[in-house]
Amino acid sequence: MRVLVTGGAGFIGANFVQQTVATRPDVAVTVLDALTYAGNRASLDPVADRIEFVHGDIADLDLVDNLVSGVDAVVHFAAESHNDNSLAEPWPFVQTNIVGTYSLLQAVRRHDVRYHHVSTDEVYGDLTPDDPAFTETTAYNPSSPYSATKAGSDLLVRAWTRSFGVRATLSNCSNNYGPYQHVEKFIPRQITNLIDGVRPRLYGAGHQVRDWIHVDDHNRAVWDILERGRIGQTYLIGADGELDNLTVVQLILEAFDRDPADFDHVTDRPGHDQRYAIDASLLRTELGWSPRYSDFRAGLADTITWYRENEDWWRPKKADTERAYAAAGEQKL
Ligand code: NAD
Ligand code: DAU
């Protein structure tokens with residue numbers, strides 16, 4: 001079996017490729033990645049001689065058509081993925097997340113190739129503290145340009161499945177953590193700040209809730225869905241990991257033996273979603289999936305160790321990332 005993995009040099013895609021090479025010797029992997037600021041070829045170094053890497057854009061119709069014609073399945077991770085960037089400049093999100101997905105769908109339609117679409121719980125908008133968790137039938141209600149473009153891409157997949165018979169599945173996952181995550185994201189930003197002796201930055205009061213899952217648990221679910229999921233079905237992926245941002249910052253400080261009050265409140269994100277929570281019953285009962293990382297503290301400790309031991313990987317991106325936050329107007333409250 002040959003699989004085309006888009007966005008395989010990004011956080012979740014690189015972990016997916018490494019997991020696939022380690023556990024599925026019968027699967028050949030081709031990665032298609034544009035190596036944007038978020039992509040990092042070094043994330044594939046451990047498997048570089050076991051995969052094919054193509055540097056290119058998912059919106060390039062001819063390139064995509066050619067690559068898709070030679071594979072049995074496509075797993076589509078490539079995206080512009082950061083909410084804060086989508087607030088500063090939405091256009092790349094429309095181009096990659098919507099036009100790029102269109103390009104892949106036309107190719108899998110033409111060549112009748114199995115397609116799995118990786119998406120986010122943010123398409124459902126946010127919850128109040130008392131709301132039940134998202135399910136596969138929750139109405140779409142995205143808040144940011146990022147989540148709106150992911151919602152748009154999901155709807156294209158549903159339409160191509162119904163109207164053209166494309167053999168697609170979709171998954172909408174909650175917040176991932178683990179190795180190889182860009183230092184712009186919440187957890188790696190605070191870990192690398194602390195390594196540099198800088199205080200963590202909490203948006204606003206930090207009462208927003210995210211539903212954390214380890215990236216390896218997400219990727220095992222993607223394989224379960226690719227192999228055994230029902231065509232046309234959406235599966236929600238989550239590991240019952242709800243925590244507010246303040247608690248996460250305090251757990252990171254604790255892991256560094258620092259005072260739990262040793263952080264700064266900074267400018268809040270406009271339109272900041274209050275709470276995400278996933279009901280993954282369908283995935284658990286129908287496909288028998290369950291998370292292996294049930295202890296967030298332990299998963300966080302592994303992640304901190306990884307960033308301590310892999311400074312060469314993240315250091316080149318750190319200064320530019322912090323400059324971008326400052327240029328966007330982030331200030332201590
Ligand atoms: P990321 O930003 O770390 O990686 C994205 C990758 O896509 C990068 O390697 C980048 O170079 C590549 N890319 C961007 N534009 C491209 C283009 N036009 N053509 C080819 N490659 C391109 O993102 P991530 O956090 O790994 O997220 C991967 C996917 O998972 C996304 O679709 C995202 O919406 C989804 N998702 C992420 C999370 C999360 O917590 N990070 C949770 C649920 C779903
Ligand atoms: O829910 C899934 C989504 O999770 C994915 O679709 C996105 O691609 C991924 O980036 C993530 O989105 P969030 O916006 O939730 O993640 P982020 O890491 O940017 O922020 C997590 C929370 O932490 C959020 O409430 C904002 C807050 N935050 C973030 C940063 C960078 C801070 O308090 N301080 C920070 O410095």
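Order of appearance sets the numbers: ligands from 1, and atoms from 1 within every ligand.
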Which residue and non-hydrogen atom of the protein lie closest to [atom], and at what distance in Å?
atom                    : answer
atom 8 (O) of ligand 2  : Ser81 O, 2.8 Å
atom 33 (O) of ligand 2 : Tyr203 N, 2.8 Å
atom 20 (O) of ligand 2 : Phe186 CB, 3.7 Å

Can an N or O of [X] be found at a distance shorter than 3.5 Å from an N or O of ligand 2?
X      : result
Glu122 : yes
Asn83  : yes
Thr120 : yes
Arg201 : yes
Glu330 : no
Asp121 : yes
Arg269 : yes
Lys185 : no
Asn175 : yes

State whether [X] and [Y] are salt-bridged, where the test is any N-O pair (Lys NZ or Arg NE/NH1/NH2 against Asp/Glu carboxylate O) under 4.0 Å.
X      : Y      : result
Asp112 : Arg167 : yes
Arg109 : Asp65  : no
Glu52  : Arg2   : yes
Asp72  : Arg114 : no
Glu322 : Lys318 : yes
Asp196 : Arg315 : yes
Lys332 : Asp264 : yes

Checklist entry - Is the cationic atom of Arg210 (NZ for Lys, CZ for Arg) positioned less than 6.0 Å from the six-membered ring centroid of Tyr276 and within 45 degrees of its normal? => result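 That pair qualifies as a cation-pi contact.
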Checklist entry - Is Arg189 positioned over the aromatic face of Tyr325, cation under 6.0 angstrom from the ring centre and no more than 45 degrees off axis? => result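 Yes - Arg189 lies over the ring of Tyr325, closer than 6.0 Å to its centre and within 45° of its axis.
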Item to check | Test salt bridge (charged side-chain N to carboxylate O under 4.0 Å, His left out) applied to Arg201 - qualifying residues, sequence neighbours left out | outcome: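 Arg201 satisfies salt bridge (charged side-chain N to carboxylate O under 4.0 Å, His left out) with Glu330 once adjacent residues are dropped.
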Checklist entry - Is there a heavy atom in Gln190 that sits closer than 4.0 Å to ligand 2? => result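 Yes.
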Next on the checklist: Please compare His207, Arg189, Arg210 and report which has the shortest non-hydrogen distance to atom 36 (O) of ligand 2.
Outcome noted: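 That would be Arg189.
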Give the table of side-chain donor-acceptor pairs shorter than 3.5 Å for residues 90-99, with sequence neighbours excluded, one pair per line with atom names and distance.
| unit_1 | atom_1 | unit_2 | atom_2 | d |
| --- | --- | --- | --- | --- |
| Asn97 | OD1 | Glu80 | N | 2.9 |
| Asn97 | ND2 | Glu80 | O | 3.1 |
| Asn97 | ND2 | Thr149 | OG1 | 3.0 |

Checklist entry - Taking atom types as modelled and ignoring hydrogens, do the side chains of His111 and Ser69 form a donor-acceptor contact shorter than 3.5 angstrom? => result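 No - no donor-acceptor pair under 3.5 Å links their side chains.
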Item to check | Residue shell around ligand 1, heavy atom under 4.0 angstrom | outcome: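 Its neighbours under 4.0 Å (heavy atoms only) are Gly7, Ala9, Gly10, Phe11, Ile12, Asp33, Ala34, Leu35, Thr36, Ala38, Gly39, Gly56, Asp57, Ile58, Phe77, Ala78, Ala79, Ser81, Thr96, Val118, Ser119, Thr120, Tyr146, Lys150, Cys173, Ser174, Asn175, Asn176, given by chain and number.
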Which of the numbered atoms in ligand 2 are under 4.0 angstrom from any heavy atom belonging to [X]?
X      : result
Tyr325 : 31 (C)
His272 : 24 (C), 25 (O), 26 (C)
Leu202 : 33 (O)
Tyr146 : 5 (C), 6 (O), 7 (C), 8 (O)
Glu184 : 31 (C)
His82  : 19 (O)

Side chains of residues 226-234: which donor-acceptor pairs under 3.5 Å do they make with residues two or more places apart or in other chains?
| unit_1 | atom_1 | unit_2 | atom_2 | d |
| --- | --- | --- | --- | --- |
| Glu227 | OE1 | Arg24 | NH1 | 3.4 |
| Glu227 | OE2 | Arg24 | NH1 | 2.8 |
| Arg228 | NH1 | Leu287 | O | 3.1 |
| Arg228 | NH2 | Asp224 | OD1 | 3.3 |
| Arg228 | NH2 | Leu287 | O | 3.2 |
| Arg230 | NE | Glu286 | OE1 | 3.3 |
| Arg230 | NE | Glu286 | OE2 | 3.1 |
| Arg230 | NH1 | Gln233 | OE1 | 3.3 |
| Arg230 | NH2 | Glu286 | OE1 | 2.5 |

